[in-house]
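Below is one structure, written out as structure tokens, with a few remarks after it.
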Amino acid sequence: MGAMQSVPAELVPGPAPHSPSTAQPSRHSALVRAAHWIVALSFLALLVSGVEILISHPRFYWGENGNVLTPVLFKLPIPSSRSLVPTGYGFVLPDQNGWSRYLHFQSAWFAVLAGLVYVVAGFVSGHFRKNLLPRGEEVSWRALGRTITSHLRFERPSAAEAWTYNLLQRLSYLVVIFALFPMVIWTGLAMSPAFTSAFPASVTLLGGRQSARTIHFFVAMSLLLFFLVHVGMVWFAGFRSRMRTMITGRIDGPLEGA
Amino acid sequence: MTDLSRRKLIKTGLAAATGIAGLGMAARLAKNYGLIPPDAGGIWGVGETLNYASYRLLTNHSMAREFPRSEISTKPLANEMPPLSDAFKKLQAGGFADWRLSVDGMVDRPGMFSLEQLKSYPVRSQITQLACEEGWSYVAEWTGVPLSHVLEVAGIQPRARYVVYFSIDPDWWDSIDMGDALHPQTYLAYGMNGGDLPIGNGGPLRMRVPRQLGYKSVKFITRLAVTDDLRKFGKGLGSASPETGYAWYAGV
């Protein structure tokens, strides 16, 4: 288990060592792994910067407009970084919006570009069809019930499961990739006065700028929920081995499950 | 080293070289077409450049959304601002009769404009949204003279690329490129919702740039400078915003 093992065999000088790891197929392709980590880091940056921006106005509205003089849809019981916002707290947090906004958009670009490459490659290579669409025998309420029960019983996944995704994983990954991410990007762009000047329907379809902002918040919270459960499940399945597999593509141990 | 791994190495090397050459070419093209914002240096340069370049390529001629009269906010928020200076209060006491807008830089006829003069030019109005980077917004009817008209009166020179605009408050100044400066919705606004522009909303004279967030619509405008080089102003980052950590381009 040395550091050497993560060095691709072909880059090691001298005669190629015959190690079993070269014979083993990769669990995750290099492209999937790169996209995963770029999106994961970007997501964390977007989350932190998004929370910072939110603190400057922790109030939500519906429709086109909203400000401290108008009624709220709801507000978060947190202090604010603007004295303008009545929070009930006797202090104002420092303004962090400058770097937060820079970081938010820069990581959004990284996530979107990596995501685009991933999605195009996923269709071309058949990754979505082979690995993420539920398999024929799984498409039934009974199968869904079975996998939910096994999750609720906290049954540890078998070794074979390290080589594939179970039904709940497939469904939640599909929802994240094809519903939550597109939605969070759309609602984010719908808050840009430049983008909406070119594509006004992007905001009118959502019911207005403030509706877009509110939906953006809820979709972001759904992504956070997914992130927490995802990390929790990785922990449960074996944090070190799953992390190693997502970084190197390799799975330790016998190949019987393949 | 096997043949296969050598081929892989050559392929990877070629791909990397192509990528680097491609990036270099893209950077040169972007510079030639004016797609690089003044605050592109530093760690946020990638995101900032992608934002600004996308706006230049995708939305250069688009119009900010305009709203029906029924959507004008009954409560157009005057947000917090620093205390007004004595100079401002003096002008206010005189009903702003002595308020002047100076225009200098790359123009054939530099000069001073009173509010009366500005009001004698073609009057335009738009019902647009003011959206703050913090998240709140309101819709108002803004009345004023298109900035393009004042620039035409002053006679901008062909090499001009940016218009820098200054508030009476020395902490506030900003700039826009010629695309935004000549855009039909970019106003020097002196009226709001049928009356004079209230001081809380930037009266007597405010820049209105509706395709960008509120902080580009600087209040209390007293000076325009037309230039081909933003490095001559402040710390050279295009506006006061990047000097306090905010992006120069505020279309997102």
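Each chain gets a letter, A, B and so on, in the order its sequence line appears, and its residues count up from 1.
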- Message: Run the side chain to side chain contact (heavy atoms under 4.5 Å, CB included) test on B/Ser137 and A/Arg209 for me, step by step, so that the C-alpha distance in whole Å, both residues' side-chain angles and the decisive distance to 0.1 Å come before the verdict.
- Response: CA-CA 8 Å; B/Ser137 60; A/Arg209 175 185 172 81; 4.0 Å; yes
- Check whether B/Leu58 gets within reach of chain A through its side chain, its backbone, both or neither, counting any heavy atom under 4.5 Å. backbone
Could you list the donor-acceptor pairs under 3.5 angstrom formed by side chains in residues 177-188 of chain A, with sequence neighbours left out?
| unit_1 | atom_1 | unit_2 | atom_2 | d |
| --- | --- | --- | --- | --- |
| A/Trp186 | NE1 | A/Ser202 | O | 2.8 |
| A/Thr187 | OG1 | A/Met183 | O | 2.8 |
| A/Thr187 | OG1 | A/Val184 | O | 3.2 |
| A/Thr187 | OG1 | A/His216 | ND1 | 2.9 |

- Item | Max heavy-atom pair count under 4.5 Å with chain A, selected residue of B/Thr128, B/Thr59, B/Leu77, B/Asp39 | B/Leu77
- Message: Which one wins on heavy-atom pair count under 4.5 Å against chain A: B/Lys75, B/His61, B/Glu133?
- Response: B/Glu133
- d(A/Leu69 CG, B/Thr74 OG1) to nearest 0.5 Å is 9.0 Å
- Message: Run the side chain to side chain contact (heavy atoms under 4.5 Å, CB included) test on B/Phe67 and A/Asn65 for me, step by step, so that the C-alpha distance in whole Å, both residues' side-chain angles and the decisive distance to 0.1 Å come before the verdict.
- Response: CA-CA 12 Å; B/Phe67 296 82; A/Asn65 291 300; 5.8 Å; no
- Pair A/Glu64 + B/Arg65: basic N to acidic O under 4.0 Å: yes
- Message: Using side chain to side chain contact (heavy atoms under 4.5 Å, CB included), reason through A/Phe110 and B/Val46 one step at a time and then give a plain yes or no.
- Response: CA-CA 10 Å; A/Phe110 289 149; B/Val46 175; 4.1 Å; yes
- So does B/Trp172 have more than 12 non-hydrogen atoms from other groups sitting under 6.0 Å from CH2? no
- Item | Sequence-distant partners of B/Ser125, side chain to side chain contact (heavy atoms under 4.5 Å, CB included), two or more places apart | B/Glu141, B/Thr143
- Taking atom OG of A/Ser197 and atom CZ of B/Arg211, what is their separation to the nearest 0.5 Å? 5.5 Å
- Note on the structure: Taking a cut-off of under 4.5 angstrom between non-hydrogen atoms, the residues of residues 78-92 of chain A near chain B are A/Arg82, A/Ser83, A/Leu84
- Identify which part of B/Ser54 has an atom lying under 4.5 Å from any heavy atom of chain A, answering side chain, backbone, both or neither. side chain
- Message: I'd like to verify something: which residue of A/Ser192, A/Pro193, A/Gly98 has the highest number of heavy-atom pairs under 4.5 Å with chain B?
- Response: A/Pro193
- Message: Can you tell me which portion of B/Glu71 sits under 4.5 Å from chain A's heavy atoms? Options are side chain, backbone, both or neither.
- Response: both
- Message: When you compare the side chains of A/Asn97 and B/Glu134, does any donor N or O come within less than 3.5 Å of an acceptor on the partner?
- Response: no
- Note on the structure: Ordered numerically, the heavy-atom neighbours of chain B under 4.5 Å found in residues 101-109 of chain A are A/Arg101, A/Tyr102, A/Leu103, A/Phe105, A/Gln106, A/Trp109
- Let me know if B/Gln212 has heavy atoms under 4.5 Å from chain A in its side chain, its backbone, both or neither. backbone
- Query: Is any side-chain heavy atom of B/Tyr246 less than 4.5 Å from a side-chain heavy atom of A/Asp95?
  - Reply: yes
